[in-house]
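Computed from heavy atoms alone, side chains included, the values below leave out hydrogens, waters and symmetry copies.
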There are 2 protein chains.
Amino acid sequence: MNLDSETKAVELPDDHGTELRLWLRLLTCTTLIEGEVRSQLREKFDVTLPRFDLMAQLDKVSDGMTLSDLSKRMMVSNGNVTGLVERLVESGHLDRRTSETDRRVQFIRLTKLGRAEFRKMAAEHEKWIADIFGDLSPKDIRELMRLLAKAKGSAQRSAKARTA
Amino acid sequence: MNLDSETKAVELPDDHGTELRLWLRLLTCTTLIEGEVRSQLREKFDVTLPRFDLMAQLDKVSDGMTLSDLSKRMMVSNGNVTGLVERLVESGHLDRRTSETDRRVQFIRLTKLGRAEFRKMAAEHEKWIADIFGDLSPKDIRELMRLLAKAKGSAQRSAKARTA
DNA sequence: GCCAATTGCTTGAAGTTTAAAGAAATTGCA
DNA sequence: TGCAATTTCTTTAAACTTCAAGCAATTGGC
């Protein structure tokens, strides 16, 4: 038996510190940027981030989307979307229409007003983001994209394995 | 005058699409991992992520921390921390003590129970994170750390410039 | 010492979020 | 057809979050 390796094993019970530090850095980065975007949205357009996100999903399609689609894409719960949509319909940004073939399903769309307002916000939003990442070179951005894609894949693999 | 370049300028009013895609990917990654961690914490320890985060901050120091320190480190509002601490004191995980030199200040500490429970959770938590990033090589991790540090710096520069 | 500004924390209102339970509609299979 | 499983959405309770307003204590000129 090798005493040295035993001692080492006790002092360094696997080393998962680097992954943890990576996670904390990722989280800090995201929180920082999210806070910045949130402030700007409130300040410039008096809109909350969740509402902006929801409208962003809807802006990608022309013919609407169901609540389930929205909750999957936004990675939030179903009930959450119900409330958000309700308030956005109330304020005239969204339009809801019940499916004719399945009466459980609601198709949600941006209204003319909603789309117009979103487009205005999105244009500004894109500039803020560009400025936030302003110090990164095109190569940095490509590398980050690549590595984050890999990280995303890894996380999905891990989550799936756990649930299975 | 060059018509071609004019046309281009209209069709591609600056190109900030790559930064936007980077941001969306960063957000997706974080949301995915955060959801995974949240599920595990609830499932295995019946604790919420915000409580875990707060205890993590306190575990780093032995002699306690003020509410302001906590809110700065966690990057959340003051009022938010007030509520979290209140519930954690209630459940016996935290301990609060008013400063003797400044009666506005409260020092918050983990109780013996709180620290013991946190240590147990943290050990598991580290393993989950290691698994989540399991597909990344040590080199990938180093590169991500480096690029995220750069992104963080850039975001801070941007936020600071706006506020100034 | 006086008092305006600042700092640390709490409170209240509105909104967001999750998890869990439930209602309504559809689907698939025997 | 009949009915159990599934899907879509809503509802509920509890927690979390922010922002703004406010209170209490301290600090820094003067």
Side-chain angles (χ1 to χ4, degrees), chain A residues 27 30-32 34-55 64-91 93-94 96-108 163, chain B residues 27 30-32 34-55 64-91 93-94 96-108 163:
Chain A
L27 190 55
T30 301
T31 306
L32 192 62
E34 201 174 296
E36 186 61 13
V37 171
R38 194 188 299 277
S39 295
Q40 296 259 32
L41 282 175
R42 174 171 298 273
E43 197 175 303
K44 306 289 201 308
F45 300 106
D46 192 33
V47 78
T48 64
L49 184 52
R51 287 180 201 211
F52 179 80
D53 284 343
L54 197 151
M55 289 196 273
M65 211 175 205
T66 69
L67 290 183
S68 295
D69 287 342
L70 278 170
S71 89
K72 262 173 231 140
R73 298 230 198 176
M74 296 177 70
M75 298 197 280
V76 300
S77 69
N78 243 326
N80 190 349
V81 173
T82 294
L84 276 171
V85 166
E86 197 170 303
R87 285 184 287 270
L88 281 165
V89 167
E90 179 66 27
S91 64
H93 294 85
L94 264 44
R96 63 200 313 173
R97 183 166 45 84
T98 303
S99 164
E100 288 170 10
T101 61
D102 184 339
R103 274 178 299 174
R104 294 168 305 178
V105 176
Q106 311 241 3
F107 291 109
I108 313 296
T163 314
Chain B
L27 190 55
T30 301
T31 306
L32 192 61
E34 201 174 295
E36 186 62 14
V37 171
R38 195 187 299 276
S39 295
Q40 295 260 30
L41 282 175
R42 174 170 298 272
E43 199 175 302
K44 307 286 203 307
F45 300 107
D46 193 31
V47 78
T48 65
L49 184 52
R51 288 182 199 209
F52 179 80
D53 285 344
L54 196 152
M55 290 196 271
M65 212 174 207
T66 68
L67 289 183
S68 296
D69 289 341
L70 277 171
S71 90
K72 261 173 231 140
R73 298 230 197 176
M74 295 177 71
M75 298 197 281
V76 300
S77 69
N78 244 325
N80 190 352
V81 173
T82 294
L84 276 172
V85 166
E86 196 170 303
R87 285 184 287 271
L88 281 164
V89 167
E90 179 66 26
S91 65
H93 294 85
L94 302 187
R96 62 200 315 172
R97 185 167 43 86
T98 302
S99 164
E100 288 170 8
T101 62
D102 184 339
R103 274 179 299 173
R104 291 169 304 177
V105 176
Q106 311 242 3
F107 290 109
I108 314 296
T163 315

Please state how far atom [atom1] in [X] lies from atom [atom2] in [N], giving the value in whole angstrom units.
X     : N      : atom1 : atom2 : value
A/D69 : D/dT7  : CG    : C1'   : 12 Å
B/L49 : D/dC16 : CG    : P     : 10 Å
A/F52 : C/dG15 : CZ    : C1'   : 18 Å
A/M65 : D/dT8  : CE    : C1'   : 15 Å
B/E86 : D/dT17 : CD    : P     : 15 Å
B/E43 : C/dT18 : CD    : C1'   : 15 Å

At less than 4.0 Å, is any side-chain N or O atom of [X] found next to OP1 or OP2 of [N]? Yes or no.
X      : N      : value
B/R51  : D/dC16 : yes
A/T66  : D/dT8  : no
B/R103 : C/dG8  : no

Select base, sugar-phosphate, or nothing to describe what [X] touches, counting heavy atoms under 4.0 Å on all strands.
X     : answer
A/T82 : base
A/S39 : nothing
B/R87 : sugar-phosphate
B/L84 : sugar-phosphate
A/S99 : nothing
A/T48 : sugar-phosphate

Which residue in the set B/Q40, B/R38, B/E34 passes side chain to side chain contact (heavy atoms under 4.5 Å, CB included) when paired with B/E36?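 Of the listed residues B/Q40, B/R38, B/E34, the side chain to side chain contact (heavy atoms under 4.5 Å, CB included) partner of B/E36 is B/Q40.
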
Identify which nucleotide among D/dT17, C/dC9, D/dT10 has an atom closest to any side-chain atom of B/N80, counting heavy atoms from C-beta outward.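 When the side chain of B/N80 is considered, D/dT17 is the closest of D/dT17, C/dC9, D/dT10.
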
